[in-house]
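Here's the structure we're looking at; comments come further down.
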Amino acid sequence: MKAPKITKNTKLTIDGLELLKSLESQSIDLCFFDPQYRGVLDKMRYGNEGKRQKGRSTLVQMSEETIKRFITEISRVLKPSCYLMLWIDKFHLCEGVGAWLDSTSLQIVDLITWDKGKMGMGYRTRKQSEYLLVVQKKPLKARDTWKLHNIRDVHYERIPQAELKCHPHSKPKGLQKLLIESCTNKGDIVCDPAAGSFSVLECCKELGREFVGTNL
């Protein structure tokens with residue numbers, strides 16, 4: 001099978017796993033991954049997927065096994081001591097995602113709560129936050145790998161409605177820019193194999209980083 005042509009700093013539309021498999025081992029300085037999982041939709045069964053979750057439900061869903069395959073490849077392509085920024089929701093935070101990291105060189109080292117400033121679903125408490133797991137490839141070290149020390153572990157940022165209409169999984173550019181600045185240098189390569197609205201690409205262009213990413 002012919003390897004896909006990978007062009008940096010553009011919006012690729014190939015399969016994310018194909019993209020990762022085409023990259024050299026230990027060639028990426030930072031990776032973002034926002035898996036489109038069905039866990040909360042299937043197990044909570046709110047009954048409103050056809051209306052309030054319409055945008056999300058039309059996206060290609062990833063099984064747990066597919067997510068594991070993505071993370072295994074991410075572990076391979078990351079340079080030693082570099083970071084994966086892994087987005088999860090409350091359901092997966094409580095259930096645990098340790099199995100996703102099995103057989104990799106990755107370890108969770110921190111957690112950031114994103115307060116979206118907008119109330120969502122919930123039988124009991126209404127969900128207003130998403131969570132970003134800061135995952136580092138071994139060997140673990142903070143010095144020289146994390147430059148900014150003003151990033152709070154609770155980050156408030158609202159997404160403009162226009163952006164949410166373009167993509168229901170839009171993520172906060174302000175936080176993403178802080179993380180890119182903290183964990184990379186100009187010219188470094190940032191990867192996003194499930195890029196959604198390509199907000200990470202926009203951040204990389206503003207910050208002088210190279211980007212490689214795709215979205216189906």
Side-chain angles (χ1 to χ4, degrees), residues 1-36 59-60 62 66-88 100-101 104-106 112 114 132-138 141 144-148 151 157 159-160 162-164 166-216:
M1 183 181 294
K2 186 178 180 181
K5 182 179 179 180
I6 305 302
T7 305
K8 293 179 183 176
N9 305 315
T10 191
K11 297 179 180 180
L12 298 175
T13 55
I14 63 175
D15 180 84
L17 274 172
E18 284 187 42
L19 168 67
L20 289 168
K21 289 177 181 179
S22 72
L23 300 176
E24 293 183 9
S25 297
Q26 300 186 17
S27 63
I28 299 299
D29 299 284
L30 174 64
C31 191
F32 286 84
F33 184 39
D34 181 19
Q36 174 56 29
L59 300 175
V60 176
M62 292 182 183
T66 297
I67 292 172
K68 289 179 186 178
R69 289 200 293 267
F70 267 86
I71 292 178
T72 297
E73 285 299 315
I74 289 170
S75 176
R76 180 185 65 81
V77 302
L78 274 178
K79 294 178 181 178
S81 300
C82 286
Y83 292 94
L84 161 64
M85 303 299 170
L86 177 61
W87 288 102
I88 61 172
W100 294 358
L101 308 182
T104 74
S105 299
L106 302 173
I112 297 174
W114 170 34
L132 185 140
L133 289 174
V134 180
V135 183
Q136 189 174 30
K137 184 171 180 177
K138 297 175 182 177
K141 58 180 180 178
D144 299 326
T145 69
W146 193 276
K147 296 188 285 290
L148 298 185
I151 300 176
E157 185 175 343
I159 303 293
E163 288 187 28
L164 290 174
C166 292
H167 198 281
H169 260 295
S170 294
K171 291 298 185 285
K173 291 180 185 174
L175 177 58
Q176 289 176 150
K177 287 175 68 174
L178 287 172
L179 294 169
I180 292 169
E181 284 186 289
S182 187
C183 300
T184 64
N185 299 305
K186 287 189 176 182
D188 282 353
I189 303 175
V190 180
C191 178
D192 188 346
S197 63
F198 285 93
S199 58
V200 172
L201 168 59
E202 295 176 27
C203 294
C204 287
K205 287 181 176 179
E206 292 181 28
L207 297 171
R209 273 64 169 176
E210 298 290 311
F211 172 85
V212 58
T214 186
N215 191 67
L216 285 175

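Computed from a predicted structure; not experimentally measured.
- Minimum interatomic distance between Ser27 and Ile189 (heavy atoms only, all atoms of both residues): O-CD1, 3.9 Å.
- Using a 4.5 Å heavy-atom cutoff, the side chains of Cys82 and Ile28 are not in contact.
- Legend: residues meeting ring-ring contact (aromatic ring centres under 6.0 Å, His included) with Tyr83, ordered by chain and number and at least two apart, are Trp146.
- Residues Cys31 and Val77 fail the side-chain proximity criterion, which asks for heavy atoms closer than 4.5 Å.
- A search for side-chain contact (heavy atoms from CB on, under 4.5 Å) contacts involving Ser81 returns Gln136, Pro139, Lys141, Thr145, not counting sequence neighbours.
- For residues 71-80, the set of pairs meeting the salt bridge (charged side-chain N to carboxylate O under 4.0 Å, His left out) definition, not counting sequence neighbours, comprises Asp29-Lys79, Glu73-Arg76.
- The list of salt bridge (charged side-chain N to carboxylate O under 4.0 Å, His left out) pairs with a residue in residues 180-193, not counting sequence neighbours, is empty.
- Pairing each heavy atom of Trp100 with each of Thr104, the nearest pair is O-CG2, 4.4 Å.
- The line from CG of Leu175 to CD1 of Ile180 is 9.5 Å long, rounded to the nearest 0.5 Å.
- Note that SG of Cys183 and CG of Leu179 are 6.0 Å apart. Values are rounded to the nearest 0.5 Å.
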Side-chain polar contacts of residues 199-212 - donor-acceptor pairs under 3.5 angstrom, sequence neighbours left out - could you list them?
unit_1 : atom_1 : unit_2 : atom_2 : d
Ser199 : OG     : Gln176 : NE2    : 3.1
Glu202 : OE1    : Lys173 : NZ     : 2.5
Glu206 : OE1    : Lys177 : NZ     : 2.7
Arg209 : NE     : Thr184 : OG1    : 2.9
Arg209 : NE     : Asn185 : O      : 3.4
Arg209 : NH1    : Leu207 : O      : 2.7
Arg209 : NH2    : Thr184 : O      : 2.8
Glu210 : OE1    : Asn9   : ND2    : 3.0

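- Counting only distance, with no hydrogens or angles, the side chain of Ser75 and the backbone of Ile71 share no donor-acceptor pair below 3.5 Å.
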Could you walk me through whether Asn215 and Lys11 satisfy the side-chain contact (heavy atoms from CB on, under 4.5 Å) test, starting with their C-alpha distance in whole Å, then the side-chain angles of each, then the deciding distance to 0.1 Å, before giving a yes or no? CA-CA 8 Å; Asn215 191 67; Lys11 297 179 180 180; over 6 Å; no
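- Listed here is the closest heavy atom pair of Leu20 and Cys191: CD2-SG, 4.0 Å.
- When the side-chain hydrogen bond (donor to acceptor under 3.5 Å, both in side chains) test is applied to Trp114, no partner is found at least two apart in sequence or on another chain.
- Between Trp87 atom CH2 and Ile112 atom CD1 the span is 7.5 Å, to the nearest 0.5 Å.
- Residues Ile6 and Ser22 share a closest heavy-atom pair of CG1-OG, 3.3 Å.
- Judged purely by atom type and a 3.5 angstrom limit, Lys137 has no side-chain atom pairing as donor or acceptor with the backbone of Ser105.
- Residue Leu12 comes nearest to Thr214 through the heavy atom pair O-OG1, 3.0 Å, listed as atom of the first residue, atom of the second, then distance.
- Taken to the nearest 0.5 Å, the CZ atom of Phe32 stands 11.5 Å off from the CG atom of Leu86.
- Asp34 meets the salt bridge (charged side-chain N to carboxylate O under 4.0 Å, His left out) test with Lys171; sequence neighbours excluded.
- The two residues Ile74 and Pro193 come nearest to each other via the heavy atoms CD1-CG, 4.4 Å.
- With sequence neighbours excluded, no residue forms a ring-ring contact (aromatic ring centres under 6.0 Å, His included) with Phe198.
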